[in-house]
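Step one of this worksheet: look at the structure below.
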2 protein chains.
Amino acid sequence: MDVNDAADDGWGMTAEQQPTNRMERDTELMWGLRQSEPRRGPKPRLSRDAVVAAAVALADAEGLEAVSMQGVAKELGFTTMSLYRYVESKEDLLVLMNDAAMDTAPPGPCGGRDWRAGVEAWVHGVLTMYGRHPWAVYLPQNGPPSGPNGLRWMEAGLREIVRSGLDPRRSVQILTMLSTTLREMFRMNVDMERAARAAGATVADTMRGYAAGLGRAVTEEHFPTVARLLREDVLEDAPAEAHGRGPAGPTDELDFPVRRLLDGVEVYVERQRAAGDPDKAARRSGG
Amino acid sequence: MDVNDAADDGWGMTAEQQPTNRMERDTELMWGLRQSEPRRGPKPRLSRDAVVAAAVALADAEGLEAVSMQGVAKELGFTTMSLYRYVESKEDLLVLMNDAAMDTAPPGPCGGRDWRAGVEAWVHGVLTMYGRHPWAVYLPQNGPPSGPNGLRWMEAGLREIVRSGLDPRRSVQILTMLSTTLREMFRMNVDMERAARAAGATVADTMRGYAAGLGRAVTEEHFPTVARLLREDVLEDAPAEAHGRGPAGPTDELDFPVRRLLDGVEVYVERQRAAGDPDKAARRSGG
DNA sequence: GCGGGACAGTGTACGAGATAAACTGTGTAT
DNA sequence: ATACACAGTTTATCTCGTACACTGTCCCGC
């Protein structure tokens with residue numbers, strides 16, 4: 001049952017021994033389990049961490065698309081194939097980068113405050129983190145977080161949401177909605193800024209162009225509501241407002257929906273409490 | 001609003017002037033503007049629509065990763081390069097596929113009902129659409145929808161949300177949150193089902209593996225809340241519930257957060273209404 | 001009704017990228 | 001000491017996107 005036969009396999013053997021469902025594998029990968037412990041042969045001059053760090057540095061400097069195995073290897077001053085001693089595939093590398101991008105600590109528990117303030121602090125923290133590693137939002141997400149850093153963030157967010165009185169399962173659902181929204185909103189902002197820069201224009205220009213393009217196609221009869229948006233210049237202003245915080249910080253667009261979500265949670269919890277609490281029996285430390 | 005800021009030189013055929021920003025370009029692309037009208041030379045045996053349709057068919061049958069220019073061309077019985085007469089690049093093709101995937105009509109306006117019922121019908125419609133073209137959730141989103149089909153869906157969703165009394169700008173924000181969440185939730189489900197199938201297991205097994213993997217790393221002191229999830233088997237059950245509706249239909253996990261969001265909108269609108277008139281007075285507030 | 005040029009589709013080629021496999025040197029356990 | 005495990009390299013292959021030059025078609029103005 002023990003999993004320490006890895007000393008032998010290298011690549012000769014087909015990996016048939018591990019039941020390896022994807023998420024379990026990734027988890028082990030990120031937690032550094034699954035590392036062999038060789039004490040023979042030349043000393044490694046590289047390490048998995050060094051590889052990941054180089055990849056992160058490259059992505060920070062030149063964007064995710066610059067992260068090729070060759071690129072990372074060059075960054076390190078080694079050959080492309082040397083990386084494969086430390087990661088099984090580029091996919092693995094991306095998985096590791098994903099967790100590595102979250103290396104800043106999430107906001108800690110500040111007991112006194114409103115749970116909502118806690119959640120909003122978490123949201124702000126996530127945005128700051130994305131600001132540091134904007135490429136992270138382009139990485140494929142293979143599932144819920146499972147690396148050490150990802151879990152830290154999940155723990156921190158969940159900790160605050162649970163304080164609302166929501167049960168854990170539903171808290172996870174709310175957290176998921178929050179996370180995906182943060183991520184996607186941020187991604188869109190990065191996209192737009194990139195597109196704007198590529199066109200030598202501003203984000204506001206880009207949105208104006210978008211609105212203008214729509215204007216040619218949107219008819220009042222077929223798209224009355226969208227037409228109204230155009231009429232009221234909603235599409236042009238909205239993201240422009242998000243300008244206040246440097247590169248890609250969508251908070252104004254985000255704050256409103258987030259607050260509505262939290263409102264909704266609050267209302268729900270109150271109603272449950274008022275109605276005698278049917279599904280909240282597990283509040284105390286069960287077990 | 002009139003649109004005359006750009007020198008509107010005809011897009012007859014020349015590509016001379018296109019400072020067009022990305023979103024504007026994509027819009028024109030999808031609406032079929034920017035098509036030349038040649039009446040010389042051999043008759044085209046292909047068409048942009050045929051190319052897109054073939055790509056969609058391929059994606060439906062074998063997944064997005066099977067959609068290479070060579071693959072699509074083979075599907076059509078033409079050479080790879082022939083496609084480039086109809087799309088400028090693979091990226092363009094993906095943009096077109098994105099809109100093409102939304103070819104089913106969104107739910108129409110059913111006047112009488114609750115606006116929330118309308119929104120939920122829309123949500124359901126989106127999920128059904130994704131169910132038909134699961135690969136669509138993997139396409140890069142270059143911005144808000146701008147193709148005909150995408151706009152139809154946006155219009156339909158917005159139409160319902162606006163009925164809540166929310167002003168258009170905020171309605172867009174709510175719709176965005178909804179869309180991204182739908183998309184990402186669905187994507188995760190597809191991922192998990194794919195991973196499960198690849199491992200010859202069920203989704204439930206995958207989640208069990210995930211929980212087991214976490215269990216090895218999660219300590220009660222560092223991750224109390226997550227540990228509680230594990231203790232209560234929350235992670236293992238949640239997606240298993242989503243099983244009821246064939247391939248990748250996450251509704252149970254989705255319904256709760258969506259309803260909380262709508263609750264939140266409702267509460268917000270009521271509060272605004274109670275505090276004088278909402279329409280423009282609700283500008284700088286936020287909670 | 002003819003000839004030229006615009007145009008559809010082809011063939012070839014190239015460069016980037018991931019990665020498989022064989023290979024070379026090194027240093028430690030025996 | 002020495003064999004072999006192991007780090008890093010070299011070489012090669014396969015897939016892709018796409019640039020470019022080419023071939024054959026058929027509409028146009030003559």
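Chain letters run A, B, ... following the sequence lines, proteins first, then strands; residues in each count from 1. Keep in mind that the numbers below use all heavy atoms, side chains included, and drop hydrogens, waters and symmetry copies.
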Non-hydrogen atoms of A/Val67 and A/Ala55 that approach each other most closely: CG2-O, 3.7 Å

Just how far, in rounded Å, is C1' of D/dT25 from CZ of B/Arg85? 12 Å

Would you kindly give the CE-to-C1' distance between B/Met81 and D/dA19, to the nearest whole Å? 7 Å

Hey, does the side chain of A/Gln70 come within less than 4.0 Å of C/dA18's phosphate (OP1/OP2), counting only N and O? yes

Would you indicate which nucleotide in D/dG8, D/dC28, D/dT9 comes nearest to any side-chain atom of B/Arg40? D/dC28

Do the rings of A/Phe186 and A/Tyr130 sit parallel, tilted or perpendicular, given the 30° and 60° boundaries? tilted

Among the candidates D/dG17, C/dT28, C/dA18, find the nucleotide nearest to the side-chain atoms of A/Lys90. C/dA18

Would you kindly check if the NZ (Lys) or CZ (Arg) of B/Arg194 is within the cone defined by 45 degrees around the ring axis of B/Tyr138 and under 6.0 Å from the six-membered ring centre? yes

Just to be sure I understand the rule, does A/Met69 reach a base, reach only the sugar-phosphate, or reach nothing, if contact means heavy atoms closer than 4.0 Å? sugar-phosphate

Need to verify one output field. Residue with the more 5' nearest nucleotide on DNA chain C, A/Lys43 or B/Ser82? B/Ser82

Comparing B/Ser89 with A/Phe78, nearest DNA chain D nucleotide closer to 5' gives the residue A/Phe78

For B/Glu62 and D/dT15, give me the distance from atom CD to atom C1', rounded to whole Å. 15 Å

Report the residue (B/Pro42 or A/Gly77) whose heavy-atom-nearest nucleotide on DNA chain D is the more 5′ of the two. A/Gly77

Less than 4.0 Å between a side-chain N and a carboxylate O, is that true for A/Arg208 and B/Glu24? no

If I take atom CG in residue B/Leu93 and atom C1' in nucleotide D/dT18, what distance separates them, rounded to the nearest angstrom? 14 Å

For A/Leu64 and C/dG17, give me the distance from atom CG to atom C1', rounded to whole Å. 15 Å

Any ion pair linking A/Arg216 and B/Glu28 (charged N to carboxylate O, less than 4.0 Å)? yes

Integer-rounded Å distance: C/dA8 P and B/Leu83 CG: 14 Å

Quickly work out the A/Asp92 CG to C/dA18 C1' distance and round it to whole Å. 13 Å

Would you say B/Arg45 reaches C/dA8's phosphate, i.e. side-chain N/O to OP1/OP2 under 4.0 Å? no

Residue A/Tyr86, side-chain atoms from C-beta onward, closest of D/dC16, D/dG8, C/dA18: D/dG8

To the nearest Å, how far apart are B/Glu91 CD and D/dC16 C1'? 15 Å

